[in-house]
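Input: a single structure, listed below in structure tokens.
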Amino acid sequence: MTVLRIGNASGFYGDRFDAMREMLTGGPLDVLTGDYLAELTMLILGRDRLGDPDAGYARTFLRQLEECLGLARERGVRIVANAGGLNPAGLAAAVRALADRLGIPVRVAHVEGDDLTAGHPGSLTAHAYLGGFGIAECLRAGADVVVTGRVTDAALVTGPAAAHFGWAPTEYDRLAGAVVAGHVLECGTQATGGNYAFFREHRGGRDLRHPGFPLAELHADGTCVITKHDGTGGLVDTGTVTAQLLYETAGARYAGPDVTARLDTVRLTQDGPDRVRIDGVRGEAPPPTLKVGRNRLGGFRGEVTFVLTGLDIEEKAALVREQMTDALAKTPPAEIRWDLVRTDRPDAPTEETASALLRLVVRDADQRAVGRALSGAAVELALASYPGFHVTAPPGKGAPYGVFEDVYVPQGSVDHVAVLHDGRRVPVAPAQDTAVLDAVPEPPLPEPLPCGPRRSAPLGLVAGARSGDKGGNANVGVWARTDDAWRWLAHELTADRFRELIPEARDLPVTRHTLPNLRALNFVVEGILGEGVAAQARFDPQAKALGEWLRARHMDIPEVLL
């Protein structure tokens with residue numbers, strides 16, 4: 001059958017608004033997808049729904065459709081998006097109302113069954129990650145627009161591919177190929193030069209200011225080519241695709257509700273300018289359980305940042321810390337965290353560069369303990385503390401924060417339903433063949449480089465990295481661009497060495513996964529993000545820059561690689 005061209009126009013709720021129009025006008029497409037959901041987004045939508053039961057979906061998607069629905073209809077492009085969030089039926093109804101108002105005849109379907117909140121008391125949201133076969137049912141029945149709630153990000157691609165090529169649920173290799181393609185597309189411009197470790201190398205000859213969004217040319221055997229529309233900014237090469245493949249993954253088995261994709265079988269080949277071929281992907285039966293993402297309100301959070309300028313930074317920090325500890329002792333918050341960030345420089349030319357920041361974060365179930373008590377204690381020190389006392393902003397009344405947790409339920413316990421454009425409800429059967437997810441044995445390492453002179457230099461001179469979050473854990477994918485660099489990296493960057501380079505990880509479980517086909521290592525650091533992004537437990541709560549910190553750390557690198 002013909003090649004299926006699937007594009008992406010959104011990597012998160014708040015991504016580039018004009019991307020939908022750019023993708024529809026930039027070149028031929030069959031399907032345009034949009035990923036609007038993340039762990040934090042589900043919490044935000046849950047809080048929206050508390051105030052308005054009809055809310056709970058991504059409203060920007062509707063605004064994009066108002067500009068682009070007619071264009072998609074004219075060009076025969078079907079739209080598949082998880083913008084339905086907590087209320088896919090409500091979004092589907094809103095899309096129909098919009099189409100009626102614009103006079104555009106479109107068939108709108110949606111997928112539901114992911115909402116398990118009622119069965120998880122105390123949760124603000126609890127949603128199972130569904131697969132792509134509900135989307136496929138909607139498309140086979142003729143839908144022009146399909147909106148979903150919580151599906152896996154890759155399901156936005158596996159669903160259209162299964163519908164177009166007629167794949168059966170047990171065609172695991174083909175489905176795994178589509179999962180890999182979907183994972184590359186899901187974060188939009190991260191596959192086309194955005195957030196790319198080696199961006200400096202392309203600044204001269206490439207427009208990285210406005211990278212185009214990616215698309216996949218999918219084939220019936222599950223292979224694909226990742227590319228972008230001609231004339232758009234950014235770039236697509238094996239490096240940008242490798243970076244995205246490592247993002248928010250872990251070991252060789254990448255599990256989903258439809259299939260477990262074997263990332264250790266992925267082969268990448270440069271197939272021309274801005275074209276990367278992906279083949280060789282093997283698939284296995286999915287696990288017998290579905291992941292459920294739960295968000296709950298964890299309590300309230302207050303913060304104040306003290307500015308310490310000039311001399312005696314450590315002593316100034318100690319004084320205000322003692323004063324605040326005494327002031328908060330009457331009603332101490334449940335959790336108190338201090339961080340001194342030494343942004344100051346000696347003999348600085350500006351006051352700002354002469355200053356360090358001392359951040360105090362408090363958490364408690366009682367809003368008063370992190371609001372009025374904190375603000376009162378900090379403000380009362382204005383004339384009674386270290387010289388030069390001031391804060392970046394007055395403390396607020398304390399804001400609620402969320403906690404994200406993963407739980408798992410049997411595949412058959414979820415009522416996955418495709419609600420077709422004519423109102424018919426089609427149950428989607430769970431996977432019949434399943435396999436418990438076991439770790440893949442570590443593959444043999446390449447021969448180490450011969451001994452030779454070394455010098456201390458940043459790891460990032462020879463390796464790229466990309467990092468991200470999964471609940472309270474972070475992953476850091478590191479890859480080498482040459483065989484020799486891989487021979488060195490595979491032996492030198494062990495889990496113990498990682499802990500030495502990243503002091504925050506020294507007392508945490510760190511697991512290293514080896515992916516030789518990608519010349520890559522993937523590290524999972526458990527608990528480094530506390531209770532997840534919404535809890536904001538660290539400076540970089542989603543670990544977005546953890547990989548860049550690692551690249552900036554010095555190692556003894558063979559001179560032949562530098």
Side-chain angles (χ1 to χ4, degrees), residues 300-364 369-396 398-399 401 456 458-460 474 497-508 525 527-531 535-555:
F300 294 88
R301 178 182 184 277
E303 178 178 340
V304 59
T305 301
F306 302 91
V307 182
L308 315 173
T309 304
L311 305 176
D312 308 320
I313 295 296
E314 299 285 348
E315 290 79 6
K316 289 171 179 174
L319 173 58
V320 72
R321 183 168 178 167
E322 291 168 4
Q323 290 175 310
M324 288 296 295
T325 300
D326 289 344
L328 294 173
K330 298 174 185 176
T331 56
E335 180 183 344
I336 299 176
R337 174 169 175 161
W338 292 90
D339 290 295
L340 177 59
V341 184
R342 295 299 301 264
T343 52
D344 56 302
R345 305 175 197 169
D347 194 22
T350 67
E351 182 178 334
E352 188 172 4
T353 55
S355 300
L357 301 176
L358 177 64
R359 189 167 72 125
L360 168 60
V361 176
V362 296
R363 292 184 175 85
D364 199 279
V370 303
R372 189 181 310 154
L374 177 66
S375 60
V379 169
E380 288 172 7
L381 291 178
L383 304 179
S385 189
Y386 60 86
F389 178 100
H390 65 286
V391 297
T392 57
Y401 70 89
S456 180
L459 171 63
R497 188 73 177 107
F498 182 97
R499 289 189 186 93
E500 293 174 8
L501 295 171
I502 304 297
E504 285 182 76
R506 283 182 180 170
D507 298 323
L508 298 174
V525 188
I528 194 171
L529 304 179
E531 294 175 303
Q536 297 186 342
R538 69 188 296 271
F539 169 68
D540 174 17
Q542 290 182 283
K544 295 293 189 183
L546 190 59
E548 285 301 293
W549 180 22
L550 179 66
R551 292 183 70 235
R553 299 289 278 162
H554 285 227
M555 298 181 68

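Contact annotation: the side chain of V307 approaches that of T392 to within less than 4.5 Å [non-hydrogen atoms, C-beta and beyond]. Here the side chains of I502 and W549 are in contact, with some heavy-atom distance below 4.5 Å. Considering only heavy atoms from C-beta on, V361 comes within 4.5 Å of R359 through its side chain. Within the 4.5 Å cutoff, the side chain of R301 has no heavy atoms near those of the V362 side chain. Side-chain contact between D344 and I313 is present, with at least one heavy-atom pair separated by less than 4.5 Å. Considering only heavy atoms from C-beta on, F300 stays 4.5 Å or farther from D364 through its side chain.
E504 CD: more than 12 foreign heavy atoms inside a 6.0 Å radius. With a 6.0 Å radius and a threshold of 12 heavy atoms from other residues, nucleotides or ligands, E500 has its CD atom above the threshold. Counting non-hydrogen atoms of other residues, nucleotides and ligands closer than 6.0 Å to CG of D507 gives a total of 12 or fewer. No more than 12 heavy-atom neighbours from other residues, nucleotides or ligands sit within 6.0 angstrom of CZ on R345.
Between W338 and F306, the two ring planes are parallel [angle under 30°; tilted spans 30° to 60°].
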Carefully, step by step, assess T305 and L360 under the rule side chain to side chain contact (heavy atoms under 4.5 Å, CB included). CA-CA 6 Å; T305 301; L360 168 60; over 6 Å; no

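No option in T343, T350, T309 other than T309 meets the side-chain hydrogen bond (donor to acceptor under 3.5 Å, both in side chains) test with S355. Across D326, L319, T325, a single residue satisfies side-chain contact (heavy atoms from CB on, under 4.5 Å) together with Q323, and that is L319.
Atoms CD and OG, on E322 and S385 in that order, are 10.0 Å from each other to the nearest 0.5 Å.
Pairs of residues two or more places apart, or lying in two chains, that qualify as salt bridge (charged side-chain N to carboxylate O under 4.0 Å, His left out) and include a residue from residues 543-552 are E548-R551.
Formation of a donor-acceptor pair under 3.5 Å by the R499 side chain with backbone atoms of L508 is found in this model.
Cation-pi geometry between R363 and Y401 is satisfied (NZ or CZ under 6.0 Å from the ring centre, within 45° of the ring normal).
Heavy atoms only, all atoms of each residue included: L308 and A317 are closest at CD1-CB, 3.7 Å.
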